Amino acid sequence: MLQNRLMILNQKEEENHQMTEYFEESGYSVICCTEMNEVIRMFSKRKHKPELFIFCMQDSNRQSYEVIDNIRKISDMAIIIVSEDGRLDTQLYVYSKKIDDYMVAPVPLPLLEAHVEAVFRRFSDYKISVENVGAMTIDYEGRKIYLAGEPFKVTAKEYDLMEYFIRHKGMVLSRDKILDSVWGYDYIGGYRSVDTLVKKLRAKLTKEYPYIQTIYGVGYCFDEI
């Protein structure tokens, strides 16, 4: 499976480590930096071509804005800014730099990942509206699924879970990750919600299509086999 590539710039080393570890566990390929000059040096040499840049902007100053300007001169990749500066004028100014998202810190990592996925989805939606996986076909725009050419009838939440599995096919997904991404990080239910919905989907898939595999002690993996 082709991994989405992220570059993270966070001058706080501990936070940088936590973010890098989190996104790598989610299946992303991550380039981490702690210095602004390091980012520009990497891009000027054109050795790294990430698809999305997460910039944890410590200060709203000229140097921070120059990083964005310099990247925009050589790349049209997506940019998400995470900053403690929640002032409207700052956000509007940064958006004028052609960024894709601005989040006011502190930001829970599951919520940041949801925004990352949303940005990637916007980019991918221009390319793929229908995807074939094994005997399944998913119509992302119409929110419809077909199995062996026949309509695969699912509830709204079952569709959400199946879409999440298909978009992350081949990846081992923990129950925590599934809960955060499909139900929302503030959902108060437990793992039973995930297990119950997986059981319903498996029943509909039948034993002929055992695409949803249990990874014992961890969670699940969708594999077309």
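Excluded from the calculations below are hydrogen atoms, water molecules and symmetry mates; all remaining heavy atoms, backbone and side chain alike, are included. It should be emphasised that the depicted structure is a prediction, and the values quoted were computed from it without experimental measurement.
Atom CD of Glu84 has 12 or fewer heavy atoms from other residues, nucleotides or ligands within 6.0 Å.
Cluster annotation: Phe53 is connected to Val104 through the hydrophobic network of ILVMFWY side chains, with a link wherever side-chain heavy atoms come within less than 4.5 Å.
Taking all atoms of both residues into account, the shortest heavy-atom contact from Ile212 to Arg202 is O-NH2, 2.8 Å.
Side chain of Glu51 to main chain of Ala78: no donor-acceptor pair is present (N/O by atom type, distance under 3.5 Å, no hydrogens or angles). Although no hydrogens or angles enter the test, the distance criterion places a donor-acceptor pair under 3.5 Å between the side chain of Tyr211 and the main chain of Ala135.
Grouped by direct or indirect side-chain proximity (heavy atoms under 4.5 Å, Ile/Leu/Val/Met/Phe/Trp/Tyr only), Leu92 sits with Leu88.
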Can I get a per-line list of side-chain donor-acceptor pairs under 3.5 Å for residues 216-225, giving both atom names and the distance, sequence neighbours left out?
unit_1	atom_1	unit_2	atom_2	d
Tyr220	OH	Asp195	OD1	2.6
Asp223	OD1	Ile225	N	3.0
Glu224	OE1	Gly134	N	3.3

Going by atom type alone, with no hydrogens or angles, which donor-acceptor pairs under 3.5 Å involve a side-chain atom of residues 149-156 and a protein atom two or more places apart or on another chain?
unit_1	atom_1	unit_2	atom_2	d
Thr155	OG1	Glu158	N	3.2

Could you list the donor-acceptor pairs under 3.5 angstrom formed by side chains in residues 7-14, with sequence neighbours left out?
unit_1	atom_1	unit_2	atom_2	d
Asn10	OD1	Lys12	N	2.9
Asn10	OD1	Gln58	NE2	3.4
Asn10	ND2	Glu15	OE1	3.2
Glu14	OE2	Gln18	NE2	3.3

Would Tyr146 and Val130 count as a side-chain contact (heavy atoms from CB on, under 4.5 Å) here? Give the steps.
CA-CA 11 Å; Tyr146 300 87; Val130 176; over 6 Å; no

Verdict with reasoning, Val30 to Tyr22, per side-chain contact (heavy atoms from CB on, under 4.5 Å):
CA-CA 10 Å; Val30 182; Tyr22 180 89; over 6 Å; no

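Using modelled atom types and a 3.5 Å distance limit, the side chains of Thr34 and Asn16 yield no donor-acceptor pair.
For the ring pair (Phe, Tyr, Trp, His ring centres under 6.0 Å) condition, the pairs that include at least one residue of residues 78-115, sequence neighbours left out, are Tyr65-Tyr93. Pairs passing the salt bridge (Lys or Arg N to Asp or Glu O under 4.0 Å) check and including a residue from residues 95-116, sequence neighbours excluded, read Asp69-Lys97, Arg72-Asp100, Glu113-Lys177.
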